[in-house]
Protein chains: 2
Amino acid sequence: MSDTNFTEILKEKKLKITPQRIAILEELDKNGHSTVDDIFNRIKIKIPSVSLATVYKNILALQSMDILKSVKTPTQKQKYEINKKPHIHLFCKICEKLEDFEIDISDFQDYCKNASGYENIEEASILLTGICKECSAKKI
Amino acid sequence: MSDTNFTEILKEKKLKITPQRIAILEELDKNGHSTVDDIFNRIKIKIPSVSLATVYKNILALQSMDILKSVKTPTQKQKYEINKKPHIHLFCKICEKLEDFEIDISDFQDYCKNASGYENIEEASILLTGICKECSAKKI
DNA sequence: ATATGTGCAAAGGGTTTGCAGATAT
DNA sequence: ATATCTGCAAACCCTTTGCACATAT
């Protein structure tokens, strides 16, 4: 994903295109799930004047426009990611890495819909914890 | 679940049996997912001298002993529940109710295990958002 | 020109901590 | 008798807010 794309995305959502916003989106695009501090510390290199408050304000703005999503992880700090194609999260209990895992959960959602009577099941937050390949290999 | 059971559970985990702990567990058993404030306000009726700090300390202690679990919801406040049989959560976008939904997710877990290479997938936090029966009915 | 966004500092809210006294075993 | 727990107050995050200035359209 290039700068131009972020510019487009912001334009579509009628958010002004500022260097801070581009930097936040670039950072998340490059590094995946990040905490507010991660983002702040990384973009400070490019934009030394940036403030934490601006990062917070933008995270809220970008979330309300569905450009970002928050990810709830077992370790308490809130993380954020760019709202891209649907995926679930895998969390390794050993190295505490958080991974995206793209699978089609529509069958599972349909089953839940039928069994529960809930309509419009469209948003899901699925996190499984286990031991990743690398950590499994190390343990042997 | 009766008092006696909570007493037993605490004894097993080598935690001292105090009125505060029993009250917290009773509250969660009765009302399901609750925030710290929910718990604090409800048990204050029985134990007016109880402090917020004690509720926090006990939630941490009970969580580390796997008696309680935290539930991550779309609304920011952390909720807690007694660690009972596996279930997923349904969150109604309209009334913001959080419901337990007991289903067997072992097939889903197996599928994820095979597709991802993760071992020991045993803990899952699954939350689906949709519109509950009651709210669907009201909308028509 | 005007609405929006930024940075600062202060305030807010939720959670944790240290300590002295109380309670459970 | 002793380890643990409780309640209080203070400390500590992380996050939000108000305001004046700066920037994007």
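As the structure is a prediction and not an experimental result, all values here were calculated from the model. Just so we're on the same page: letters track the sequence lines, and every chain starts at 1.
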Donor-acceptor contact present, side-chain A:Arg21 to main-chain A:Lys16, <3.5 Å: yes
Spacing between A:Ile39 atom CD1 and D:dC14 atom C1', to the nearest angstrom: 14 Å
Residues that, via side-chain heavy atoms closer than 4.5 angstrom, fall in one hydrophobic cluster with A:Ile45: none
Short side-chain N/O contact to D:dG7 OP1/OP2 from B:Gln20, under 4.0 Å: yes
Electrostatic pair A:Asp37-A:Lys77, nearest N-O below 4.0 angstrom: yes
Residues forming a ring pair (Phe, Tyr, Trp, His ring centres under 6.0 Å) with B:His89, sequence neighbours excluded: B:His33, B:His87
Sidechain N-carboxylate O distance under 4.0 Å for A:Lys133, B:Glu119: no
Steps toward side-chain contact (heavy atoms from CB on, under 4.5 Å) verdict (B:Leu68, B:Glu81): CA-CA 6 Å; B:Leu68 295 190; B:Glu81 66 183 2; over 6 Å; no
Whole-Å gap separating C1' (D:dC5) and NZ (B:Lys14): 18 Å
Degree of bending in the helix from C:dA1-D:dT25 to C:dT25-D:dA1 once both end axes are built from five pairs, to 10°: 40°
Out of D:dA24, D:dC5, D:dT15, whichever nucleotide has its closest atom nearest the side chain of B:Thr18: D:dC5
What does the list of N/O pairs under 3.5 Å between the protein and nucleotides 10-13 of chain D look like, with a distance for each?
none

Short side-chain donor-acceptor distance under 3.5 Å, B:Glu99 and A:Tyr118: yes
Terminal contacting nucleotides, 5' and 3', DNA chain C versus chain B (heavy atom, 4.0 Å): C:dG14 to C:dT25
Whole-Å distance separating the CD1 atom of B:Ile22 from the P atom of D:dT6: 11 Å
Salt-bridge criterion met for B:Lys84 and B:Asp100 (N-O under 4.0 Å): yes
Residue-level proximity of residues 47-59 of chain B to DNA chain C when a heavy atom falls under 4.0 Å: B:Ala53, B:Tyr56, B:Lys57
